[in-house]
Amino acid sequence: MQLYKEQKLKITNSLTGKKERFKPINEGHIGMYVCGPTVYSNVHLGNCRTFMSFDMIFRYLRHLGYKVRFVRNITDAGHLVDDADEGEDKIAKKARLEKIEPMEVVQRYTVDFHKILEQFNFLPPSIEPTATGHIIEQLEIIKEILNKGYAYEVNGSVYFDVKKFSESFEYGKLSGRKLEDMITNTRELTAQSDKKSPQDFALWKKAEPQHIMRWPSPWGDGFPGWHLECTAMSTKYLGDTFDIHGGGMDLKFPHHECEIAQAEASNGLSPVNYWLHANMLTLNGKKMAKSTGNNILPGEIFSGENPILSKPFAPAVVRFFMMQAHYTSILDLSNDALLASEKGYHRLMDAFDNLGDLVTSGKSDFNVQEWQQKCYDAMNDDFNTPTLIAHLFEAVKHINLIKEGSESITLADKELLQQSMNSFIFDVLGLEGKSADYQDSDKLQAVVQLLIELRNEARSNKDFNTSDKIRDQLSAMGIQLKDGKEGTTFSVS
RNA sequence: GGCAUCGUGGCCGAGUGGCUAGGCACAGCUCUGCAAAAGCUUGUACAGCGGUUCGAAUCCGCUCGAUGCCUCCA
């Protein structure tokens, strides 16, 4: 279904700072690149939020009927711990600390990354390329940039010449910086540098003898600079100019700015039509970051093993919590906020479960068609998931009213509601259904049903000791009985 | 210091120049054997100070505060 023909999508383009009507280069097809993780430690929740925002965007674009080629890389080389001239490769450092091979580090944390994303119910990207798998492509780009005169070689390293570049191109257009300001405001570098000026950045770094991760190049053994891989991999799989490039806010400068410069220097073309930036997840009001230790691991949320948490939270609850905020807003994580989201999540899911059993009639008190378009309008407005969720709760209210008998719905409306709620909750927001361990269990269903019958018998005999014992003990086990007009149902938390 | 973003009711969090966002919590009511669930009702929120306007929380200016980037970071 080519929904995109009727649903007009607008997205906030960081390049222009405006909300723009989205138009892909080739109708019906979208190329999207997102900067992936550097796999030198466990993914923390802040990383997950960015990837989750783009997972939701990927899901919605697909839902609209676009054929999306979604590329998200794994950075397994080239990022330095410190200043580009002095630092140690993060992965090499971790390898040294843990006394293992660099590629063991990469393997370990790539596996962790995939495991966590799977628990969060992520869709896999179309292509997940690695930096070390694209050294040749990176070397080719360096040669091209050297050819065009926008880079220079010093002592086996190659640097991008920002000053030269900005004579013909606009360096800083993404992050709103001016080169003159940057020159006057540059901090003093403690290390002596091969660079002609501090704004220049490395395309290729010479490897010192002790450096393990190294590749041969025309300038001697070395490793690629940290902005280059994304230019190489995005253009290789998506073309010289593609539709969407995403990443965390913190990558806007210098990483994405340098990506633009590299691409423009090598072929003169602006690489990306729409730049999207996901905002930070904060903890205690401060950005989560691996380097500062102010972070929380997904595993700690799932298990509840963290001092700020009063209990464990399911991955779907965390996902729901994140979807309740717009991807361009800063979101602060707290126990209270998660608790509130958990309740809301269950209310939404319970209502969806009840939807199938609703009795239909000849008329509807709920204009489902209009409601559905409101949901689309929310998503079309720069993927406004919080507004979408507000609309979903409007549907929840109607479902409950219909269940109570205060409102009615036609069969056609019920089916439409069921189908669109399913699309928005599961396909677009990516919220998993109830935990499989009990939903799949027919036996549990039967056992609880039996207890419900026993309780009802006890109640009709006014044996409230027995009936309350059943209800309270089930509740203690996490099974809630809910008495309604149509009988008793239950939910498991 | 420079660039940028933000400051919404008890908490989280949308949004718009004039029309109830939503979730959670709280209170009252309905239902119930009592509860829970569900429903109904109630909140005179938009950092402060000025300005533009018939009208601004929404536009402009200033002040204060917070955060991000400027060095690796989703």
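Chain letters run A, B, ... following the sequence lines, proteins first, then strands; residues in each count from 1.
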Which is true for [X] with a 4.0 Å heavy-atom rule: it touches a base, it touches only sugar-phosphate, or it touches nothing?
X	answer
A:Gly46	base
A:Gln480	sugar-phosphate
A:Gly36	sugar-phosphate
A:Leu331	sugar-phosphate
A:Phe393	sugar-phosphate
A:Leu281	base
A:His44	base

Would you say [X] reaches [N]'s phosphate, i.e. side-chain N/O to OP1/OP2 under 4.0 Å?
X	N	result
A:Lys482	B:rA38	no
A:Lys397	B:rC40	yes
A:Arg459	B:rA35	no

Nucleotide nearest [X] when distance is taken to its side chain, options [options]:
X	options	result
A:Asp483	B:rC72, B:rA35, B:rA14	B:rA35
A:Ser329	B:rA14, B:rC11, B:rG13	B:rA14
A:Asn400	B:rG39, B:rA74, B:rG33	B:rG39
A:Ala325	B:rA35, B:rA14, B:rG23	B:rA14
A:Ala340	B:rG23, B:rA35, B:rG22	B:rG23
A:Lys286	B:rA38, B:rU67, B:rC69	B:rU67
A:Leu401	B:rC40, B:rC34, B:rA74	B:rC40
A:Asp468	B:rC70, B:rG33, B:rG22	B:rG33
A:Pro254	B:rA25, B:rG33, B:rC70	B:rC70
A:Asp250	B:rC73, B:rC34, B:rA14	B:rC73

What integer number of Å spans the [atom1] atoms of [N] and [M]?
N	M	atom1	result
B:rA66	B:rC26	P	32 Å
B:rG48	B:rG43	C1'	24 Å
B:rA36	B:rA74	C1'	42 Å
B:rC64	B:rG15	C1'	25 Å
B:rU20	B:rU41	P	13 Å
B:rU44	B:rG39	C1'	25 Å
B:rG55	B:rG17	C1'	8 Å
B:rA21	B:rC12	C1'	14 Å

For A:Lys397, look at atom NZ and say whether over 12 heavy atoms of other residues, nucleotides or ligands are found less than 6.0 Å away.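 12 or below, so no.
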With a sphere of 6.0 Å drawn around NZ of A:Lys178, does it hold more than 12 non-hydrogen atoms of other residues, nucleotides or ligands?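 No.
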Need to verify one output field. Residue with the more 5' nearest nucleotide on RNA chain B, A:Ser341 or A:Thr282?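 Looking at RNA chain B, the more 5' nearest nucleotide goes with A:Ser341.
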For RNA chain B, whose closest nucleotide is more 5', that of A:Gly344 or that of A:Glu404?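 With A:Gly344 and A:Glu404 compared, the 5'-side residue is A:Gly344.
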Any salt bridge between A:Lys482 and A:Asp350, counting N to O under 4.0 Å?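 A:Asp350 and A:Lys482: salt-bridged.
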One thing to verify: whether A:Lys374 and A:Glu394 come together as a salt bridge, which I'm taking to mean a side-chain N less than 4.0 angstrom from a carboxylate O.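 Salt bridge present between A:Glu394 and A:Lys374.
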In this structure, how many angstroms lie between the C1' atom of B:rC73 and the CZ atom of A:Phe51, rounded?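 The answer, rounded to whole Å, is 11 Å.
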Could you check how far CG of A:Leu338 sits from P of B:rG13, rounded to whole Å?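 In whole Å, B:rG13 P and A:Leu338 CG are 11 Å from each other.
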Considering the options A:Tyr60, A:Phe393, A:Tyr376, which one meets the ring-ring contact (aromatic ring centres under 6.0 Å, His included) requirement together with A:Phe424?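 When A:Tyr60, A:Phe393, A:Tyr376 are each tested with A:Phe424, the ring-ring contact (aromatic ring centres under 6.0 Å, His included) holds only for A:Tyr376.
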Identified ring-ring contact (aromatic ring centres under 6.0 Å, His included) counterpart of A:Phe120 within the set A:Phe321, A:Phe51, A:Phe302: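 Testing A:Phe120 for a ring-ring contact (aromatic ring centres under 6.0 Å, His included) against A:Phe321, A:Phe51, A:Phe302 leaves exactly one candidate, A:Phe302.
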Do A:Glu118 and A:His114 pair up side chain to side chain, a donor and an acceptor below 3.5 Å, judged on atom types alone?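 No pair is found: no donor N or O on one side chain lies under 3.5 Å from an acceptor on the other.
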Polar contact flag, side-chain donor to acceptor under 3.5 angstrom, A:Gln418-A:Asn422: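 There is no such pair (donor and acceptor under 3.5 Å, judged by atom type) between the side chains of A:Gln418 and A:Asn422.
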Can you find a donor-acceptor N/O pair under 3.5 angstrom joining the side chain of A:Arg347 to the base of B:rC24?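 For A:Arg347, whose side chain was compared with the base of B:rC24, there is no donor-acceptor pair (under 3.5 Å).
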Would you call the rings of A:Tyr171 and A:Phe165 parallel, tilted or perpendicular, where under 30° means parallel and over 60° means perpendicular?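 Taking A:Phe165 first and then A:Tyr171, their aromatic rings stand perpendicular (interplane angle over 60°).
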Taking the inter-plane angle between the rings of A:His256 and A:His277 on a 0 to 90° scale, is it parallel (under 30°), tilted (30 to 60°) or perpendicular (over 60°)?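 Plane angle between 30° and 60°, so tilted.
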Quickly, which of A:Lys195, A:Lys196, A:Lys205 forms a side-chain hydrogen bond (donor to acceptor under 3.5 Å, both in side chains) with A:Tyr159? Name it, please.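 The option that passes is A:Lys205.
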Going by side-chain hydrogen bond (donor to acceptor under 3.5 Å, both in side chains), A:Tyr327 matches just one of A:Asn279, A:Thr50, A:Asp382. Which one?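 Checked A:Asn279, A:Thr50, A:Asp382 against A:Tyr327; only one passes side-chain hydrogen bond (donor to acceptor under 3.5 Å, both in side chains): A:Asp382.
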Between protein and nucleotides 45-47 of chain B, what N or O pairs are separated by less than 3.5 Å?
none

Taking atom CZ of A:Phe223 and atom CG of A:Leu228, what is their separation to the nearest 0.5 Å?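 A:Phe223 atom CZ to A:Leu228 atom CG measures 12.5 Å (nearest 0.5 Å).
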Determine the minimum heavy-atom distance between A:Trp275 and A:Val272, stating which atoms define it.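 Closest approach of A:Trp275 to A:Val272: NE1-CB, 3.4 Å.
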Output a table of donor-acceptor pairs, distance under 3.5 Å, between side-chain atoms of residues 466-481 of chain A and any protein atom two or more places apart or on a different chain; print 'none' if there are none.
from	atom 1	to	atom 2	distance (Å)
A:Thr466	OG1	A:Asp463	OD1	3.1
A:Thr466	OG1	A:Asp463	OD2	2.5
A:Ser467	OG	A:Phe464	O	3.2

Which pairs pass salt bridge (charged side-chain N to carboxylate O under 4.0 Å, His left out) with one or both residues in residues 316-345 of chain A, sequence neighbours excluded?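 The answer is A:Asp55-A:Arg319, A:Lys311-A:Glu342.
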May I ask you to list the residues of residues 378-388 of chain A, by number, that have any heavy atom positioned under 4.0 Å from an atom of RNA chain B?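 Heavy-atom cutoff 4.0 Å gives A:Asn384, A:Pro386, A:Thr387.
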Donor-acceptor pair, distance only, cut-off 3.5 Å: does the side chain of A:Asn73 make one with the backbone of A:Thr130?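 No.
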Please work out the stems of RNA chain B from pairs that are Watson-Crick or G-U wobble with both distances under 3.5 Å, keeping only runs of three or more consecutive pairs.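 The stems that RNA chain B takes part in, listed by first number, are B:1-7 with B:64-70, B:10-12 with B:22-24, B:27-30 with B:38-41, B:47-51 with B:59-63.
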Distances for protein N or O near nucleotides 3-8 of chain B N or O, under 3.5 Å:
from	atom 1	to	atom 2	distance (Å)
B:rC3	O2'	A:Gly176	O	3.3

